[in-house]
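Below, chain A is the first sequence line, B the second, and so on; all start at residue 1. Heavy atoms only: backbone and side chains are in, while hydrogens, waters and symmetry mates are out.
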Protein chains: 2
Amino acid sequence: MSDLLTRLRARGWHLTAQRRAVAEVLHGEHLHLTADEIHERAVGVLPEISRATVYNTLRELVEMGEVLELSADGKARRFDPNVTETHQHLVCRGCGALFDVPSPDVSELAPPRAHRHGFTIDAVEIVYRGLCPSCQAEPVRPPDGRRPAG
Amino acid sequence: MSDLLTRLRARGWHLTAQRRAVAEVLHGEHLHLTADEIHERAVGVLPEISRATVYNTLRELVEMGEVLELSADGKARRFDPNVTETHQHLVCRGCGALFDVPSPDVSELAPPRAHRHGFTIDAVEIVYRGLCPSCQAEPVRPPDGRRPAG
DNA sequence: TTCCATGCAAAGTGTTTGCAATAAT
DNA sequence: ATTATTGCAAACACTTTGCATGGAA
């Protein structure tokens with residue numbers, strides 16, 4: 001419900017100028033920035049903030065459960081401030097574009113106990129993969145312009 | 001059905017000693033090795049094989065659709081040779097252990113057209129996150145032994 | 001001969017860490 | 001005073017790339 005900054009204040013987290021800058025960058029619901037993008041934007045707010053502090057802060061936010069970490073694209077992690085509404089992600093194979101989508105009912109999806117290897121399960125994450133409109137037009141265009149074999 | 005090496009032969013792929021070594025390492029159904037682990041094992045078969053060749057070969061196999069790439073843990077990618085049976089993955093938050101689980105019926109899970117942002121969707125990937133039996137015993141023990149804040 | 005695959009080493013990303021300086025209680 | 005946080009730079013882990021060599025068609 002409330003935004004990240006409000007939740008952090010409510011939780012009594014020690015809010016330095018740097019941590020506030022990161023939290024401000026993460027304001028919003030449909031944001032999926034990489035750590036470096038967050039650093040770039042945080043520099044706009046607080047010019048002397050360092051990459052290390054951004055990484056440290058993000059790690060802490062993830063550990064506190066106030067930010068989600070997405071590893072949908074194998075490359076840089078993305079950070080998602082929307083932890084209050086369960087949702088899933090749509091990812092373009094061509095350009096990596098990433099969108100939130102509402103979650104279907106996942107209560108029936110967990111594997112039967114016989115296949116759980118003794119695990120407890122606390123989250124069901126779904127990634128829908130496909131092509132965004134512009135990558136449908138020009139077949140697959142990976143970052144380097146190479147074509148897939150096939 | 002058939003194993004990777006057989007499929008590659010059937011497809012007429014130019015099978016050098018190096019590519020064969022990689023394919024042999026990837027023999028099996030429930031394997032989720034990183035590129036470096038694959039290189040290590042391939043060296044056991046063909047001592048002079050280089051990392052670059054392993055990476056190149058893996059990229060080609062993924063592009064051909066003969067191997068799946070998993071990015072479930074944000075760190076190193078893992079390569080999954082089981083492309084013949086749709087399945088999903090169970091991942092431990094504590095130690096990163098990763099298991100295959102049978103896929104539930106995903107035909108009803110795709111988001112309604114209104115939420116697809118014009119994407120085509122060709123795959124639905126599910127990651128179940130939780131704790132494996134040994135990480136349940138000793139709370140969370142990330143690779144470096146640090147405890148999450150709480 | 002022509003082309004493709006390989007190996008090496010270097011460069012490129014993305015991320016973490018050691019440590020001294022600084023700011024907060 | 002004491003403790004926590006920051007910034008810097010170096011270290012690290014993972015992956016890709018340029019180029020000369022070598023083998024296959």
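Taking only side-chain nitrogens and oxygens, B/Y55 never comes nearer than 4.0 Å to OP1 or OP2 of D/dT16. Taking only side-chain nitrogens and oxygens, B/R77 never comes nearer than 4.0 Å to OP1 or OP2 of D/dC14. For D/dT6, the OP1/OP2 oxygens have a side-chain nitrogen or oxygen of A/T16 closer than 4.0 Å.
Rounded to a whole Å, the NE2 atom of B/H14 is 11 Å from the C1' atom of C/dC3. Here C/dG14 presents its P atom at 15 Å from CD of A/E69, a figure rounded to the nearest Å. What separates CG of A/L58 from P of C/dT15 is a distance of 9 Å, to the nearest Å. Whole-Å rounding puts the B/E40 CD to D/dC14 C1' distance at 14 Å. Atom CZ of A/F79 is separated from atom C1' of C/dG14 by 10 Å (rounded to the nearest Å). The separation between B/E60 atom CD and D/dT15 atom P is 16 Å, rounded to whole Å. For the pair B/D36 CG and D/dT16 P, the interatomic distance rounds to 12 Å; values are reported in whole Å. One can place CZ of A/R19 at 19 Å from P of C/dT22, the figure rounded to the nearest angstrom.
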Dump the pairs, protein N or O against N or O of nucleotides 7-12 of chain C, anything under 3.5 Å, distances to one decimal.
unit_1: C/dG7; atom_1: OP1; unit_2: B/Q18; atom_2: NE2; d: 3.2
unit_1: C/dG7; atom_1: OP1; unit_2: B/E48; atom_2: O; d: 2.9
unit_1: C/dG7; atom_1: OP2; unit_2: B/S50; atom_2: N; d: 3.1
unit_1: C/dG7; atom_1: OP2; unit_2: B/S50; atom_2: OG; d: 3.3
unit_1: C/dG7; atom_1: OP2; unit_2: B/T53; atom_2: OG1; d: 2.9

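The 5' end of DNA chain C is approached more closely, in terms of each residue's nearest nucleotide, by B/T57 than by the other of B/K75 and B/T57.
Ion pair A/R41/A/E24 not flagged as a salt bridge, since none of the NZ, NE, NH1 or NH2 atoms sits closer than 4.0 Å to an Asp/Glu carboxylate oxygen. Taking 4.0 Å as the cut-off between side-chain N and carboxylate O, B/D122 and A/R129 do not count as a salt-bridged pair.
Checked by atom type, the side-chain pair B/T6/B/D3 shows a donor-acceptor distance below 3.5 Å.
When side chains are defined from C-beta on, B/L61 counts as touching B/W13, because their heavy atoms get closer than 4.5 Å. Residues B/R7 and B/L4 meet the side-chain proximity criterion, which asks for heavy atoms closer than 4.5 Å.
Aromatic ring pairs are classed by plane angle as parallel below 30°, tilted from 30° to 60° and perpendicular above 60°; the pair B/F99 and A/H117 is parallel.
Results of the salt bridge (charged side-chain N to carboxylate O under 4.0 Å, His left out) test with B/E66 over B/R11, B/R59, B/R19 single out B/R11 as the only residue that passes.
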